[in-house]
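Here's the structure we're looking at; comments come further down.
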Amino acid sequence: MSSKYNLPRGTFDILPDVSYKWEYIIAVFKNTAKLFNYKEIVTPIFEEADLFERSSGETSDIVQKEMYKFTDKKGRVFALRPEGTAPVVRSFVENNLAASAGIQKLFYTGPMFRYDRPQKGRYRQFYQYGVEAIGSNHPYVDAEVIALFYTFIQKLGLTEFEVQINSVGNAKVAERYDQALIEYFTPHKDELCFDCQTRLTKKPRRLLDCKVKRCREIGQAAPVMLDYLDEECTSHFEQVKTYLDQFKVPYSVNPKIVRGLDYYTHTAFEFLNHKLGAQNAIGAGGRYNGLVEQIGGKSLPGIGFAGGFERLLLSMEEENLFSGEELIPQVYVVAIGEKAQAQVASIISLLRQENISVEYDPDKTSLKAQMKAADKIKSLYAIILGDDELERGVVTLKYLQERKQIDLAISDLSSYIKS
Ligand code: AMP
């Protein structure tokens, strides 16, 4: 069969043979977030485009090349959200969540949109999970956020991953560092890619994130941020590491982590799975101490992370971690004869009221076809309804795995199935 319509490039359908895996990963994420006392927040999938343009930085790739921007009927300019942090902070400020005591610990899941070149592990509509902890600059919070991510990945059973951390300093430090990068890269200007030549004057740190081979080679010997940190930044970073040790999160320091967006300060981190190929980041995050104020709130520090469900799914498939199966109904109902078929719904409904999952196929009428179907879906029980039995108020309960069967009063069915 070929459909008259195709799905948009860079998107995918989540079909039944995969959806149960999604459901599982999402559930593990939500449970882990709750274990750390994070509360769910849900924001719209589109926002004023300006929210992203200002917060992410006008020179970021997301804003420059990847935003799905559109104008609505009243001429307002919106964007499908490319990331979750700015919307969560917008909601935090707009709903005055800062007024409640303590740190606001929030988590989200949902689709994000980026007009990027699709490839394995990179899509135009993809699904992220993420957390944001807003209201504290304490290094403990940085470590706890990383520990939450680590716990989640561990609970999924993944082993092929690595945690890398870095400090990107504060605004003052970043200015000195940018200067050093300009001095370093300027003699190589003609060899850099077109984007990096612009980055050099606007946001030199982005040069370090460039994927072009030659730019990467030149960047190899570039100055590293860690050498420019002041006392406050160094102390913050050291404390994060100490707390990570206490949380038993293994990590390595990678001074090259810069993060693509403008709003990051202090701790930056990435979770990588090297077996995934080019798109090997399972997730990433960092501290954003200027963002809340920039979006119109008080000057409050924050930190968070986001990761993509697709790359987790790929990683889990690679490590063979899905032993679970698609939903299997407990009971397959077999109705033989016209009277039984005409009354089947009342018995099915009775079972479902008792929370017993039931499958019945009205288009199969013979005993053989229905028993074959029951075997195929691997349900535990078949309930056989015949015209005569129905008159007597009894049914046959067949234990499909054990090849045993008993006759029962309809009213006793649920107690047998549960036990
Ligand atoms: P970022 O906001 O770019 O740091 O992305 C955080 C995480 O989201 C990445 O580590 C990926 O796991 C995932 N991600 C980002 N962009 C995409 C994409 N286009 N397709 C699939 N996953 C993505």
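Source: prediction; values computed, not measured. For ligands, and for the atoms within them, numbers begin at 1 and follow the listed sequence.
When non-hydrogen atoms are compared, ligand 1 lies under 4.0 Å from the backbone of Tyr123 as well as from its side chain. Contacts with ligand 1 closer than 4.0 Å are made by side-chain heavy atoms of Gln128 only, the backbone lying farther away. Counting heavy atoms closer than 4.0 Å to ligand 1, residue Ile62 contributes nothing at all.
Here atom 9 (C) of ligand 1 lies nearest to Ala281 when heavy atoms of Ser315, Ala281, Pro82, Gly130 are compared. Around atom 21 (C) of ligand 1, the closest heavy atom drawn from Gly121, Ala284, Gly84, Gly308 belongs to Gly121. Among Glu83, Met112, Arg114, Glu310, the residue whose heavy atom sits closest to atom 3 (O) of ligand 1 is Arg114.
Taking a 4.0 Å cut-off on heavy atoms, Asp116 fails to register as neighbouring ligand 1.
Aromatic pair Tyr360/Tyr332: ring centres not closer than 6.0 Å.
The existence of a salt bridge linking Lys372 and Asp361 is excluded, since no basic side-chain nitrogen approaches an acidic carboxylate oxygen closer than 4.0 Å.
Side chains of His266 and Asn137: a donor-acceptor N/O pair is absent below 3.5 angstrom, by distance only. In summary, the side chains of Asn170 and Asn289 do not present any donor paired with an acceptor at a separation below 3.5 Å, with no hydrogens or angles considered. For the 3.5 Å distance criterion, the side chains of Glu132 and Tyr38 fail to qualify, holding no donor opposite an acceptor.
Counting atoms of ligand 1 from 1 in the listed order, those under 4.0 Å from a heavy atom of Gly283 are 10 (O). Atoms of ligand 1 lying under 4.0 Å from at least one heavy atom of Arg122, given by number and element, are 18 (C), 19 (N), 20 (N), 21 (C).
Note: an N/O pair closer than 3.5 Å links Ile282 and ligand 1 by distance alone.
Side-chain atoms of Gln370 come within 3.5 Å of backbone atoms of Ala335 as a donor-acceptor pair (strictly under, hydrogens ignored).
Geometrically, Arg81 does not engage Phe52 in a cation-pi contact, judged by NZ or CZ lying under 6.0 Å from the ring centre and within 45° of the ring axis.
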